[in-house]
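Keep in mind that what you see is a predicted model, and the values were worked out from it rather than measured. Within every chain, numbering begins at 1; the chains are lettered A, B, ... in the order of the sequence lines, protein sequences first and strands thereafter.
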2 protein chains.
Amino acid sequence: MADHRQRRKPGETREKLMNAALELVGKGRHFASLGIREVTRQAGVVPTSFYRHFRNMDDLGLQLVDELGLVLRRMMREARGNVLQADKLIEESVGIFISHALANRNFFLFMAQGLAGESRAVQEGIRSEMRFFASELANDLRRLRLAEHLSDKDLDVTCDLVVRTVAFSLTDLLGVSVDDDYQVDQIRKRTTHFLQLIFVGAANWQSAK
Amino acid sequence: MADHRQRRKPGETREKLMNAALELVGKGRHFASLGIREVTRQAGVVPTSFYRHFRNMDDLGLQLVDELGLVLRRMMREARGNVLQADKLIEESVGIFISHALANRNFFLFMAQGLAGESRAVQEGIRSEMRFFASELANDLRRLRLAEHLSDKDLDVTCDLVVRTVAFSLTDLLGVSVDDDYQVDQIRKRTTHFLQLIFVGAANWQSAK
DNA sequence: TGCTCTTGTGTACAGTTGTTCACTAATGTG
DNA sequence: CACATTAGTGAACAACTGTACACAAGAGCA
């Protein structure tokens, strides 16, 4: 029998496995219900290869969270680069978020699943990414002098709420078909509305106490 | 061999199976990863019995969503009965929510999981419960004359945001141990803060447009 | 009472699962 | 170049999976 061994680049199979898991998630499966054999089958790799790169499915999940972090940071960088004037800040940011979510659909699906997922470690990882995101947002708002009347704690809570709201919109967004422009636009408008509501609340916070 | 058949009440095994699924979820498993045999084992019932009541696991999930609806309605009724004065409305409501979430921990875990779960039907069912909840909230706010300056659409968006925010807090709440009073109280305070922020936003909405 | 319908049981089976093992080709390091 | 390490393969196995079937005990109704 011919042996079809051909290792091209180091870590290639590893990527194939991680992509395979994401693809299955993209097809509507839940990460928690995926099995090793299933993933290797989708990746076109023999089951035993799995163990060369991951100890189990939880391990793979954790490594996916790490990559998710990169995706989120890319998104943040683009958002920062595109903030032109403050009054369009929300619309622009929501737009960037949505386009990234659609472009990296499977990653964000994985994120949405992981928030209430099976592995505590994955859950904590995603949560930690969200915290980081919120703190970066707080920094930006301070830097842009948009939150000078808020205490550190109040700003922290506000940013946390913003991030949660956007994360929840993920669940809406990923439920509709990618090219259903109308629905996507509805979600964009609604999310924008949410954030405006929150920022109006933050702007009038001091006087309300 | 003795035959231990003893059917006490109609639908008893059905309940046992649904409870078994919830118990497994409560133990940290994800609903999507549960199998028929596993659930029947936990319920102390033979695997074949499952098919007398459900066609498959998705079917069981759907019926759990129906029961979840009852739990939510009970919670709403209690919240309505305990609204004394408007200024403590948020604190009281959050308190009632948290105590219900802790008392029906497994149900709410199932709900949090189902939002990004595997079965589209379960997902839609939970989403529908949330919409209903939001519309009831809108009715109450109108009735209490707390939202007279808001258009129907703006009130709708506000209530949606409130429900989402509370639902997201579920994920925090269910991640901590039930008797970690300190953490639970932190979550209570933070959720209250979120809602206050949103309502301040709603109160100042008109002037901001 | 006898009848039918519902619900629970035991057995069975083919397919799938996670994991171990010994083997081999390619890679990087000296 | 030789050599140790890494990354891939296929066969094997016991355990578990979903589902089908035939059967029996009890419930409800005539």
Side-chain angles (χ1 to χ4, degrees), chain A residues 1-25 27-64 66-67 117-122, chain B residues 1-21 23-25 27-64 66-67 117-119 121-122:
Chain A
M1 284 302 165
D3 213 342
H4 291 237
R5 221 154 320 186
Q6 38 184 355
R7 193 178 30 164
R8 312 213 174 146
K9 289 178 183 175
E12 195 200 23
T13 308
R14 205 183 91 108
E15 276 192 25
K16 274 205 274 189
L17 287 169
M18 293 172 79
N19 279 331
L22 287 181
E23 285 162 21
L24 288 169
V25 165
K27 283 184 189 171
R29 304 290 315 278
H30 194 290
F31 185 80
S33 78
L34 298 182
I36 290 178
R37 277 191 121 100
E38 193 179 5
V39 171
T40 55
R41 201 182 308 129
Q42 170 80 20
V45 163
V46 97
T48 15
S49 277
F50 184 90
Y51 296 97
R52 299 289 180 198
H53 303 279
F54 312 100
R55 280 195 280 109
N56 47 44
M57 282 301 286
D58 274 12
D59 189 19
L60 193 155
L62 278 179
Q63 307 208 30
L64 277 178
D66 289 345
E67 276 210 34
E118 188 159 79
S119 157
R120 191 57 68 103
V122 167
Chain B
M1 289 299 164
D3 212 341
H4 291 236
R5 218 155 323 186
Q6 39 183 353
R7 191 178 30 163
R8 312 214 172 145
K9 289 177 184 175
E12 196 200 21
T13 308
R14 206 184 91 109
E15 277 192 25
K16 274 205 275 189
L17 288 169
M18 293 172 79
N19 279 331
E23 284 163 21
L24 288 169
V25 165
K27 284 184 188 172
R29 303 290 314 279
H30 194 289
F31 184 80
S33 78
L34 298 182
I36 288 177
R37 279 190 119 102
E38 193 178 7
V39 171
T40 56
R41 200 182 309 129
Q42 170 80 19
V45 162
V46 98
T48 14
S49 277
F50 184 91
Y51 296 98
R52 299 290 181 195
H53 304 278
F54 312 100
R55 280 194 282 111
N56 47 43
M57 282 301 289
D58 274 11
D59 189 21
L60 194 156
L62 278 179
Q63 307 208 27
L64 277 179
D66 289 345
E67 276 210 34
E118 187 158 81
S119 156
V122 167

Set of side chain to side chain contact (heavy atoms under 4.5 Å, CB included) partners for A:A43, sequence neighbours left out: A:K16, A:L17, A:A20, A:V45
Counterpart residues, side chain to side chain contact (heavy atoms under 4.5 Å, CB included), relative to B:N56 (two or more places apart): B:D58, B:D59
Using atom [atom1] of [X] as one end and atom [atom2] of [N] as the other, report the distance to the nearest whole Å.
X     : N      : atom1 : atom2 : value
A:E12 : C:dT27 : CD    : P     : 11 Å
A:D58 : C:dG18 : CG    : P     : 13 Å
B:R52 : C:dT9  : CZ    : P     : 10 Å
B:K16 : C:dT7  : NZ    : P     : 14 Å
A:D59 : C:dG18 : CG    : P     : 15 Å
A:H53 : D:dT9  : NE2   : C1'   : 13 Å
A:F54 : C:dT19 : CZ    : C1'   : 17 Å
A:L60 : C:dG18 : CG    : P     : 12 Å

Bend angle of the helix from C:dG2-D:dC29 to C:dG30-D:dC1, end axes from five pairs each (to 10°): 30°
Identify the heavy atoms of [X] and [Y] that sit nearest to each other, and give their distance.
X     : Y      : answer
A:R55 : A:F50  : C-CE2, 4.5 Å
B:G61 : B:V122 : C-CG2, 3.8 Å
B:V39 : B:A21  : CG1-N, 4.2 Å

With the side chain counted from C-beta on, respond yes when [X] and [Y] share a heavy-atom pair under 4.5 Å apart, and no when they do not.
X     : Y     : value
A:I36 : A:F54 : no
B:N19 : B:E23 : yes
A:Q63 : A:H53 : no
A:F31 : B:H30 : no

Contacts of A:E67 that satisfy side-chain hydrogen bond (donor to acceptor under 3.5 Å, both in side chains) - sequence neighbours left out: none
Those residues of residues 39-47 of chain A lying under 4.0 Å from DNA chain C by at least one heavy atom: A:R41
From C:dG8, D:dG18, D:dA7, nucleotide with atom closest to B:Y51 side chain: D:dG18
Salt bridge (Lys or Arg N to Asp or Glu O under 4.0 Å): pairs with one or both residues in residues 28-54 of chain B, sequence neighbours excluded: A:E118-B:R29, B:R29-B:E38
Strand-adjacent residues in residues 28-38 of chain B, judged by heavy atoms under 4.0 Å from DNA chain D: B:G35, B:I36, B:R37
OP1 or OP2 of C:dT19 under 4.0 Å from side-chain N/O of A:T48: no
